[in-house]
Structures are given as structure tokens and as C-alpha cells.
Amino acid sequence: MEVKKKITLQSVFWRFSICLFGLTAASLLACWIMIFFLPQTGEVLPANYSENMLEDNREEIENAKTVTDELIPDGCSYGVFQTDGTYLYGNMNEKNQNKMWNEYARGSSGNPNMGYLKYFQRKEEVCIAAYRLKAEFVNPLLRKWLPGFPETVLILILLIFLIGIVLLSRKFGNIVGRELKSVKQVTEKVRLKDLEFEKPDTRIREVDEVMESLEKMREALEASLKAQWKMEEARRQQIGALIHDIKTPLTVIRGNAQLMQEAESAEEARECEEYILQETGRIEEYIQILQRMLQSEEGSQFQKEKVDVRQTAEAFAASAKMLAEANHQNLEVVISSIPDYIKSNRQLLLRAWENLLSNALEYTPAGGDICISIKEESGKLLFAIEDSGLGFTEEGIRRGTQQFYQGDKSRNSRNHYGVGLFMVDSFVKHQGGRLTLENSPRTKGALVRLEINM
């Protein structure tokens, strides 16, 4: 596509000015040519035509028995007076009759209102003729309806000049108008948040700079909207994760309720009741978090705090054992060499561990084995969990942390598969750690390792 050469508004103005100057010069030249050359064609009478004709007819006017209209050129008025000023005849109106005689009596050659005067002395009479020095058309019809040759030329040139001004204005107005129309179309698209458009190619440099600014505005708005959409998506993910996490305490409650039915002593029943109350409190806490997320943007933010690692790990281990017992699975939790405190988020850390435990419980058959290790390794807090289930496929290892991934045929039989791992991976990335999925050489099932910086 050919790139348009850029021009400036100043150059557009100068072009308009030059065209206007050229139009003015051409109009003046046309006016001069018409005034100078048309009289030479014989179609225009010279300005002193009436004066010359009167002089040529002077002898006849002075000696004729009666002065007739044929002796007086067209466009001239005349009157024949007695020597005492009495008006006898002519084509002069009554208003000018006395004025004509008074001018004659004063010996005047005329005045601006009546024009120039010529006097013809007749026998006991005076003929007074009034004429003007003005070029006229030879054609009687043109001479009747047009004001005069110079005036007609000036009016014609003025009309041509005005038509030229209108055409020039329309031409240059269309140039600027097309550019501004492009700006209007772009701003309208931005207003409607229709951001899928290309910057129009414009000829005027200043308009192109405005387009560049609008393009940057579009990019900024698009980035802002994407960030907003991403934030909304993160909120939806958090809500989905919370809904998923609520299943864990519900499982604990259901398991302890079953154990209460089978309890052989009041002490065992009270222990189950304590777990039920504890998990009920966790559900209430999840609901409060969900309410805060719906009320503000802070639900998806990660805030670090001082976390008692050992207390958190021991509480998790106790809850995990109850869940495994309820599912008739064998669970081993090994806590060794862990720091007292780390900078993290206790709620999210606990949720991450519980998500991994929940997956292991889901995919380990009754009587199967689950092994959990919590320790410090190379300056990181390591959580490893392995089970004796079917393990991961190659695709599951590669895509298991993607949200709502359902392609792994070996471990996708539950509705929440992929959600838990996705949320764990999101937490680990905020913490600056790493989540790895593999299969355990020892148990032949899944092995998930979660490392976070301390």
C-alpha cells in the first residue's frame, strides 16, 4: 500500500492562501483584459461617445427647425428653452428642467447629479443636453438592462471571484474534514470500547499526531480493560477455589459424624464433636472470605504475614489423619527440621496443603497409602505428598496445573480436578516457589512437591 506523503496544517493554509492569491490575480487580470480589449471589438461604446456625437451633431442641433430625438444620442437627456428660461420641449423630466436652466444661467459645465452639460445656441432658443462619460454596450438590450460596461465587468468578475472562493473553501474544507472525520470515527470507537481497529492513515501531520495519541490511549485502555478482566477472572478463580475448599471440611464433618455413630464411648463422641465444630468454623471463615471478595477487589490479593509453621503443620497433620481414617486409607505424616516461623499467608498455605491432600484422598483407593513429608530443604519449606493411586499421565504432568484441565484420563474422575492444583500453583508463584508433578517410583502413584521460599 502506498504511504501518503505527510503535510502540515501550515502547508494547507499556505496552499489555500496561494490559491486565493492566484484567484484574485486572475480575476483582476480578467477584469483588465475585458475592459481593455472588449471596446476594441466594437461591441462597447467608448466613454466619450455621447460627447463626440453631440459635437458632431452641433450644427444640425443649432440650425434644425426642431430638435428631435434622432439628433441626441441614446442615454442623453435634453431640453429646449426660450431665452427667458421657459421650457419648450425635450425628454427632460420636470424636476430637472429648472436645474438645467439654472446651471446654464451660471455657465456651469454640469454637476455630479445631472452629469456633464452641453449648450447649443439656437434662434431665440437654447438647447441643453446632459450626458455622462461612461462606456456603454452597443446592443440596445444590454444597454437597457445592464448598468454599464465597467460596472457589468466588475460585477461579473466579482461573481467569478466569489464562486472561486466557495470552490476553494469546499476543496480545502473537504481535505481537513476528511481528516477530522477519521479522528471522530476513532474517538467514537474508543467511546464504545470497540478497541479492535487500526489507526487510519492520514495526510496531515498534526492529525496523524492526534491519531498516535488516540492509538496510545487505545492501547492503555485495552491494557486497563484486560487488567480488569484478569482481576475479575482472578476473583472468579478464588471463588471457585473457595467453593472447592469447602468440600474438605464438609468431608471431615461427614466422616466425624459417621464416627460419632460408631463411637463406643462418650470421650470418642466428644472428640468427633470437636472436629465437627472446628471444621464448621472453617466453613464460616471461608464464607466470610467469600463475602469480602464480593465486596472489594482485595479478595485476590496476596498478603504475607508471620506464620507459625510447626503449629500449622501439626494442625494439618491431625486433620489429615482424620480424613484418611474416614476414607479407610493409610496415612503417614513426617514433620522434620522445619523453621518456627516463615513469611507467608497461613490461610493460603493451609489451603494449598489441603488441596494436595484432597486430591490424594480422591484418587487413592480404600486401603491405599498416602505419605506426606514437611521439612526444610535448601532454604525452602518443602511439602511432598505421594499416594498409591493411578498417578499422572504425561499430559497430566504437563498440564495438570491449568485451571479446569480435564484431559488426564487417569485422575479426572472428580469434578474439582485441576482447580485445586491450579490454585496451589497460583499461591506458589506469589510466594516465589515451585510446584512439580510427577509419579512416585516407590508407590507408583502421584508425587506432588510444593516448595516455597522462607
Side-chain angles (χ1 to χ4, degrees), residues 24-163:
T24 304
S27 300
L28 293 175
L29 179 62
C31 181
W32 180 81
I33 291 174
M34 293 176 69
I35 292 176
F36 183 79
F37 287 101
L38 277 180
Q40 300 180 21
T41 64
E43 296 297 326
V44 178
L45 299 175
N48 60 350
Y49 173 78
S50 295
E51 181 181 22
N52 293 336
M53 288 296 296
L54 288 172
E55 286 299 326
D56 291 344
N57 295 338
R58 175 174 287 277
E59 184 176 354
E60 293 184 52
I61 294 172
E62 290 179 345
N63 297 320
K65 182 178 180 180
T66 302
V67 178
T68 60
D69 292 343
E70 287 75 12
L71 297 176
I72 306 299
D74 292 341
C76 295
S77 61
Y78 74 97
V80 178
F81 298 82
Q82 289 182 345
T83 54
D84 61 357
T86 303
Y87 180 77
L88 299 175
Y89 60 91
N91 62 1
M92 193 175 296
N93 59 45
E94 184 177 356
K95 180 180 179 181
N96 289 330
Q97 292 171 11
N98 291 332
K99 292 182 179 180
M100 285 280 196
W101 181 257
N102 291 334
E103 293 293 328
Y104 168 74
R106 291 191 299 107
S108 172
S109 60
N111 61 54
N113 294 326
M114 292 183 295
Y116 295 95
L117 301 178
K118 277 191 174 297
Y119 309 118
F120 302 90
Q121 299 296 330
R122 292 168 51 81
K123 185 177 181 180
E124 298 181 356
E125 294 177 348
V126 176
C127 178
I128 303 174
Y131 65 93
R132 294 183 182 278
L133 294 175
K134 181 173 68 172
E136 296 282 357
F137 290 99
V138 173
N139 189 301
L141 188 61
L142 295 178
R143 192 163 61 245
K144 177 180 179 182
W145 293 105
L146 297 178
F149 172 67
E151 293 85 349
T152 302
V153 170
L154 290 176
I155 292 173
L156 179 62
I157 295 300
L158 180 61
L159 287 175
I160 294 174
F161 179 76
L162 292 176
I163 292 173

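Treat the numbers as computed from the prediction; the structure is a model and nothing was measured.
- With Arg132 contributing its side chain and Ser50 its backbone, the two residues share no donor-acceptor pair below 3.5 Å.
- Note on residues 44-55: pairs passing salt bridge (Lys or Arg N to Asp or Glu O under 4.0 Å), not counting sequence neighbours, are Glu55-Arg58, Glu55-Lys118.
- Put simply, the residue from Leu158, Leu159, Val153 that forms a side-chain contact (heavy atoms from CB on, under 4.5 Å) with Ile155 is Leu159.
- Here the straight-line distance linking atom CG of Leu162 with atom CD1 of Ile157 works out to 11.5 Å at 0.5 Å rounding.
- The two atoms that bring Cys76 and Asn91 nearest to each other are O-ND2, 3.3 Å, heavy atoms only.
- Within the structure, salt bridge (Lys or Arg N to Asp or Glu O under 4.0 Å) contacts touching residues 68-81 (residues at least two apart or in different chains) are Asp74-Arg143.
- Side chains of Ile72 and Leu54 form a contact here, defined as non-hydrogen atoms less than 4.5 Å apart.
- Between Leu117 and Ile128 the shortest heavy-atom distance is CD2-CG2, 4.4 Å.
- Taking 4.5 Å as the limit, some side-chain heavy atom of Gln121 sits within range of a side-chain heavy atom of Val126.
- Scanning both residues, Gly79 and Met92, for their nearest heavy atoms gives N-CE, 3.6 Å.
- Sequence neighbours left out, the pairs with a member in residues 35-79 that pass ring pair (Phe, Tyr, Trp, His ring centres under 6.0 Å) are Trp32-Phe36.
- Among residues two or more places apart in sequence or in another chain, the side-chain hydrogen bond (donor to acceptor under 3.5 Å, both in side chains) test is passed with Gln82 by none.
- A donor-acceptor pair is defined here as one N or O able to donate and one able to accept, closer than 3.5 Å; no such pair exists between the side chain of Tyr87 and the backbone of Asn98.
- With contacts defined as side-chain heavy-atom distances shorter than 4.5 Å, the pair Tyr89/Val67 qualifies.
- Residue pairs that meet the salt bridge (Lys or Arg N to Asp or Glu O under 4.0 Å) test with at least one member in residues 105-115, sequence neighbours left out, are Glu103-Arg106.
- The main-chain N or O of Lys65 is found under 3.5 Å from a side-chain atom of Arg122 such that the two form a donor-acceptor pair.
- We find the CD-CG distance between Glu59 and Leu71 to be 11.5 Å, quoted to the nearest 0.5 Å.
- Contact detail for Leu154 and Cys31: the closest heavy-atom pair is CD2-SG, 3.7 Å.
- For Tyr104, the ring-ring contact (aromatic ring centres under 6.0 Å, His included) criterion is met by Trp101, Tyr119, not counting sequence neighbours.
- Legend: salt bridge (Lys or Arg N to Asp or Glu O under 4.0 Å) pairs involving residues 35-44, not counting sequence neighbours: none detected.
- Applying the side-chain hydrogen bond (donor to acceptor under 3.5 Å, both in side chains) rule to Asn57 yields no partners; only residues at least two apart in sequence or on another chain are considered.
- What you find for Ser77 and Met100 is that their closest heavy atoms are OG-CE, 3.9 Å.
- For Thr86, the side-chain hydrogen bond (donor to acceptor under 3.5 Å, both in side chains) partners are Asp84, not counting sequence neighbours.
- Applying the salt bridge (charged side-chain N to carboxylate O under 4.0 Å, His left out) test to Glu151 and every residue at least two apart in sequence or in another chain returns nothing.
- Atom CG in Leu29 sits 12.5 Å away from atom OG1 in Thr24 (nearest 0.5 Å).
- Here Asn93 pairs with Asn96 under the side-chain hydrogen bond (donor to acceptor under 3.5 Å, both in side chains) rule; sequence neighbours left out.
- Phe161 is linked by a ring-ring contact (aromatic ring centres under 6.0 Å, His included) to nothing, counting only residues two or more places apart in sequence or in another chain.
- In this structure the side chain of Met34 reaches within 4.5 angstrom of the side chain of Leu156, judged on heavy atoms.
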